[in-house]
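To start, the structure under review is shown below, and the notes come after it.
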Amino acid sequence: MGALIDVQGLTKSYGRNRGIVDLTFQVEEGEIFGFLGPNGAGKTTTIRTLMGFLRPTAGRATIVGLDCWAQSTAVKRLVGYLPSEFAFDPGMTGAQILSYLGHLRGGVDRRYVAALCDRLDFDPGKRFREYSRGNRQKLGIIQAFMHRPRLLILDEPTGGLDPLNQQEFYRILREAQAEGATVFLSSHILPEVEHTCQRVGIVRDGRLVEINEVEQLKRLRQQTVVVTFGRQVPSEEFASLPEVEDLKVERDGRELHLHVRGGDLSAVIRKAAEYNAQNLTVQEPSLEEIFMRFYEPEGVGARA
C-alpha cells in the first residue's frame, strides 16, 4: 500500500491571521491518521484545503494522485467528509437529507444507512432544526460513512456525542478501516486519537511539529518508575544512571520514584535487581502529557 494523501509544503496564508505553513506529510492507504492540535492550530484550514474549499497559497496536496484544488470534483467523489459543524436546510428531515445526499452519490445501500441510524440511535424523521447538537453530529457521521468511501476526512467527529455514541462511532470507524477505508481524523480530544489512530501529527500555530506512531510518541515523554525495597538503598546509584532525569526518595529510602527518559528501562531494572527489589511498576505517559510538551513556550522544551 502507498500514500493515499500526499501533502508537500502546503501553505495557506490569511495575511496577518495565522493559517498553515509548509505542511509536509503523507497518509498511507488503510491507516487511521490523527491530526491533533487545539482549536485554532490549523486543523480545519488543512482539511478545507484537502477538500478543495480553499486554494493553497503555496505547496500542493493530492489524494490518490489527484490535485486537491485543480481536481477537487474528482477528489470529492472518493471522500466521505464530516465538517466540524454539520449544517443543512433546517426544514428538511434527516431522512430527506440522507436521501438527497445519497442520490448525489449515485445511490447508497439503504439497509446500511438504516443500520447506521439504528446503531447511533438516530431518528431520521425529525426536521433538521429540531435536532440537538449531538443528533446533528450523528446525521453528519451517517452521511459521511453511508456510501462506504475510500477515504474519510473527519473534523472533530465526536463533538456533541454522549459516551455511548462515541464508543459506537469508534466501532464503526474500525469496521470501515477493516473494509479498506483510510481515515484522516482531526481532533483535540487526546483519548480519541490514542484509541483510534496508528499515527498522529501534532500541529501548533499552523506548523507540523511532530509526526509519528502513537506508541512512539509516548516514548518521547518521561516514564515514572516506582521501585520498592525491603530495606534502605543508596539512591545516588540510581540517580547516576544516564536514563534517570529525576529521583524522589520515599518511605525512609525503601521506595524510589524515578523519572526515566525514553523506553529503555534495562539499566534501572538491573540496578533494582542488585538490591533485591520487591516490586517495580511503570507508569506510561498519556498522550495528553506528550501533547502538552509541544505547547510549552518556546525555549522550555517545545519543538518548532
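Since this is a predicted model, take the numbers as computed values, not measurements. Position 1 is the first residue of the sequence, and the numbers go up from there.
- Evaluation of the ring pair (Phe, Tyr, Trp, His ring centres under 6.0 Å) test over residues 94-121, restricted to residues two or more places apart or in two chains, returns none.
- Judged purely by atom type and a 3.5 angstrom limit, Tyr131 uses its side chain to pair as donor or acceptor with the backbone of Lys126.
- The other residues sharing a hydrophobic cluster with Leu54 are Tyr14, where clustering joins ILVMFWY side chains under 4.5 Å apart.
- Judged by distance alone, the side chain of Thr182 and the main-chain N or O of Gly30 form a donor-acceptor pair under 3.5 Å.
- A salt bridge links Arg150 and Glu29; the closest N-O separation between the charged side-chain nitrogens and carboxylate oxygens is under 4.0 Å.
- Partners of Gln198 under the side chain to side chain contact (heavy atoms under 4.5 Å, CB included) rule, at least two apart in sequence or in another chain, are Glu31, Ile32, Gln177.
- For the side chain to side chain contact (heavy atoms under 4.5 Å, CB included) test, residues two or more places apart in sequence or in another chain that qualify with Asp6 are Gln8, Gln26, Thr62.
- Residues Ile47 and Leu154 share a closest heavy-atom pair of CD1-O, 4.2 Å.
- Take Arg110 and apply the side chain to side chain contact (heavy atoms under 4.5 Å, CB included) test, not counting sequence neighbours, and it matches no residue.
- Judged purely by distance below 3.5 Å, without hydrogens or angles, the side chains of Thr44 and Asp155 pair a donor atom with an acceptor atom.
- Here the rule is side-chain contact (heavy atoms from CB on, under 4.5 Å) with Val226, and of Glu250, His257, Lys248 only His257 fits it.
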### Task
Dump the intermediate steps for side-chain contact (heavy atoms from CB on, under 4.5 Å) on Val268 and Leu258, then the final yes or no.
CA-CA 9 Å; Val268 172; Leu258 312 172; 3.6 Å; yes
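- Electrostatic pairing of Asp205 and Arg207 does not count as a salt bridge here, judged by no charged N lying under 4.0 Å from a carboxylate O.
- Put simply, the side chain of Leu185 does not reach to within 4.5 Å of the side chain of Phe33, judged on heavy atoms.
- With sequence neighbours left out, the side chain to side chain contact (heavy atoms under 4.5 Å, CB included) criterion links Glu168 to Arg119, Leu120, Arg171, Ile172.
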